[in-house]
Amino acid sequence: MATIAIIIAGGSGHRMGQDIPKQFINVNDKPILMYTLDGFQKHPQIDAIEVVCIDGWHDVVWAYAKQFNITKLKWVTSGGETGQESIRNGVYSLKDVCSKDDIIIIHDGIRPLVDATVLTDVIKVAKEKGNAVTSMPYNEQIFVVAEDDSSTTTKYIPRETLRRVSTPQAYTYGKLDWAYHKAFEEKIGIYGSSYTNTMMVELGERLNFAAGSDKNIKLTTKDDLEMFKAYLKAEKDSWLK
C-alpha cells in the first residue's frame, strides 16, 4: 500500500496582488511551494508526490524540485479551470499508477506549514477508516443572521458541534477515483468553493476527523504571507527561552 501526496498548485494568486502565482513567491530565497513539498519530502510515510500546476510552470516546478532536493516528486500535472477540476486531473492521472487501496493525500500548495504529526495522524486514520480530514475545534461563537432583518440574530450554533476542516485530507484511491467520476458525471459537489471533503459529503460519504494545527495557514492574502514569515522566524529563534 503506497501513500502518495497530490499537491494542488494551480491557483493564479490574484488576491495576493503579485505578478506571479502566489505558490512561486520567494520567502527567504525559497518558493512557498517548496516549503510545502519539503514537509512531504521529509515525512517517512510519503512514498511519492504529484504536483498539479498551472500550464507554463511545469518546468519551473521541476527545476525548483531539483534545486531543493525534492526527490519524491514523480509527476507534474496540468490543473483545470477550478480547484475541483485540478484535483480531478491529479486523481485521474494516477489511474495507471495506484491500486484501489493506496492512500492519496490531497493538500493545498499554499499551506506550507503542514506539521509532521498532522500528516502522520491523517495517514493513520485513513488507513484505518478509509478517509481522514484535518480538523480543528471552532473557538468563536457563531450566530445565524435573522431572516427578517440581516442586521440582527436570534439563533446561534453551539461551537461544540462545529469543526474547521482543511487540508491535508486523505482517501483511498479507489474511493477517490469513484467519487470524482460520479461527481463530474452527475454535477454533484464540483462548483464554487467545493473541495474533495464537501464533495464527499454531498455524495453521501461519512468523513473521519484527524488531527489539525493552528499554524497550518493558507496563504491567500499579504497578511497571510506576513504571518508565514513570522512563523518561520519563530522557528528559527526557537532556541530562545
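Contact annotation: the side chain of R159 never approaches that of E140 to less than 4.5 Å [non-hydrogen atoms, C-beta and beyond]. I7 is listed as a side-chain neighbour of I49, based on a closest heavy-atom distance under 4.5 Å. The closest side-chain heavy-atom distance from T82 to Y191 is not below 4.5 Å. Considering only heavy atoms from C-beta on, R111 comes within 4.5 Å of S166 through its side chain. At least one side-chain heavy atom of I123 sits less than 4.5 Å from a side-chain heavy atom of I46. Residues V118 and N216 form no side-chain contact, since every pair of their non-hydrogen atoms from C-beta on lies 4.5 Å or further apart. Between I8 and T167 the shortest side-chain heavy-atom distance does not fall below 4.5 Å. Counting heavy atoms from C-beta outward, W57 and P21 have side chains that approach closer than 4.5 Å.
The line from OG of S93 to CG of D96 is 9.5 Å long, rounded to the nearest 0.5 Å. Taking OG1 from T196 and CZ from R88, the interatomic distance works out to 12.0 Å, rounded to the nearest 0.5 Å. Atom-to-atom distance recorded for I157:CD1 and F143:CZ is 10.5 Å, nearest 0.5 angstrom. To the nearest 0.5 Å, the span separating CD on Q169 from NE2 on H107 amounts to 10.5 Å. Taking CG of L94 as the reference point, atom CG of D177 lies at 9.5 Å (rounded to 0.5 Å). Atom CD1 of residue I104 and atom CD1 of residue I4 lie 4.5 Å apart, to the nearest 0.5 angstrom.
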Does the pair C53 and W62 meet the rule for a side-chain contact (heavy atoms from CB on, under 4.5 Å), with working shown? CA-CA 11 Å; C53 179; W62 285 114; over 6 Å; no

Take I103 and V122, measure what side-chain contact (heavy atoms from CB on, under 4.5 Å) needs, and give me the verdict at the end. CA-CA 10 Å; I103 299 298; V122 166; over 6 Å; no

Worked verdict on L37 versus Y64 for side-chain contact (heavy atoms from CB on, under 4.5 Å): CA-CA 10 Å; L37 296 187; Y64 278 141; over 6 Å; no

Does L119 form a side-chain contact (heavy atoms from CB on, under 4.5 Å) with Q45? I'd like the steps, not just the answer. CA-CA 9 Å; L119 271 177; Q45 292 178 268; over 6 Å; no

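Residues V114 and L73 share a single hydrophobic cluster, defined by chaining ILVMFWY side chains whose heavy atoms lie under 4.5 Å apart. Put simply, M136 and Y138 are part of two different groups of oily side chains (I, L, V, M, F, W, Y) that touch within less than 4.5 Å, one to the next. In this structure, I110 is a member of the same hydrophobic cluster as M227, with clusters built from ILVMFWY side-chain heavy atoms closer than 4.5 Å. A single hydrophobic cluster is seen to contain both Y195 and F184, as judged by linkage of ILVMFWY side chains at heavy-atom distances under 4.5 Å, directly or through other members. One hydrophobic cluster holds both M199 and L207 under the rule that ILVMFWY side chains link at heavy-atom gaps under 4.5 Å.
A donor atom on one side chain and an acceptor atom on the other are found under 3.5 Å apart for Y180 and Q84. Checking N89 against T77 by side-chain atom types alone, no donor-acceptor pair falls below 3.5 Å. T117 and D115 share a donor-acceptor pair across their side chains, judged by distance under 3.5 Å alone.
Heavy atoms only, all atoms of each residue included: I190 and A183 are closest at CG2-CB, 3.8 Å. Nearest heavy atom pair, residue N26 against residue P31, reads OD1-N, 3.2 Å. Across all their heavy atoms, V145 and S150 have their closest contact at CG1-CA, 3.3 Å. For the residue pair A9 and L33, the shortest heavy atom distance occurs at CB-CD1, 4.0 Å. Heavy atoms only, all atoms of each residue included: Y173 and S99 are closest at CB-O, 3.4 Å. Of all heavy-atom pairs spanning G80 and S86, the tightest one is N-OG, 2.9 Å.
Side chain of T134 to main chain of P168: a donor-acceptor pair is present (N/O by atom type, distance under 3.5 Å, no hydrogens or angles). No donor-acceptor pair under 3.5 Å is formed between the side chain of D121 and the backbone N or O of F209. N131 places a side-chain N or O within donor-acceptor distance of the main-chain N or O of N208, the cut-off being under 3.5 Å. Proximity of a side-chain donor or acceptor of T36 to a complementary backbone N or O of G109 within less than 3.5 Å is detected. Within the 3.5 Å criterion, the main-chain N or O of T3 finds a donor-acceptor partner in the side chain of D47. At least one donor-acceptor pair closer than 3.5 Å links the side chain of K72 to the backbone N or O of H43. With hydrogens and angles disregarded, no donor-acceptor distance shorter than 3.5 Å links the side chain of T172 to the backbone of D102. In this structure, the side chain of D149 engages the main chain of S151 through a donor-acceptor pair within 3.5 Å. Side-chain atoms of Y171 do not come within 3.5 Å of backbone N or O of A126 as any donor-acceptor pair. A donor-acceptor pair under 3.5 Å is absent between the side-chain atoms of T152 and the main chain of A146, judged by distance alone.
Around CD of E81, the count of heavy atoms belonging to other residues, nucleotides or ligands within 6.0 Å does not exceed 12. Enclosure of atom CG in D148 by more than 12 non-hydrogen atoms of other residues, nucleotides or ligands within 6.0 angstrom is indicated. Around the CG atom of D59, the shell of radius 6.0 Å holds no more than 12 heavy atoms that belong to other residues, nucleotides or ligands. When the shell of 6.0 Å around NZ of K215 is examined, it contains more than 12 heavy atoms from other residues, nucleotides or ligands.
Cation-pi check for K30 over Y35 is met; the charged atom lies under 6.0 angstrom from the ring centroid and within 45 degrees of its normal.
A salt bridge links R164 to D214: at least one charged side-chain nitrogen sits closer than 4.0 Å to a carboxylate oxygen.
When each of K175, K129, K182 is paired with E205, the salt bridge (charged side-chain N to carboxylate O under 4.0 Å, His left out) condition holds for K175 and for no other.
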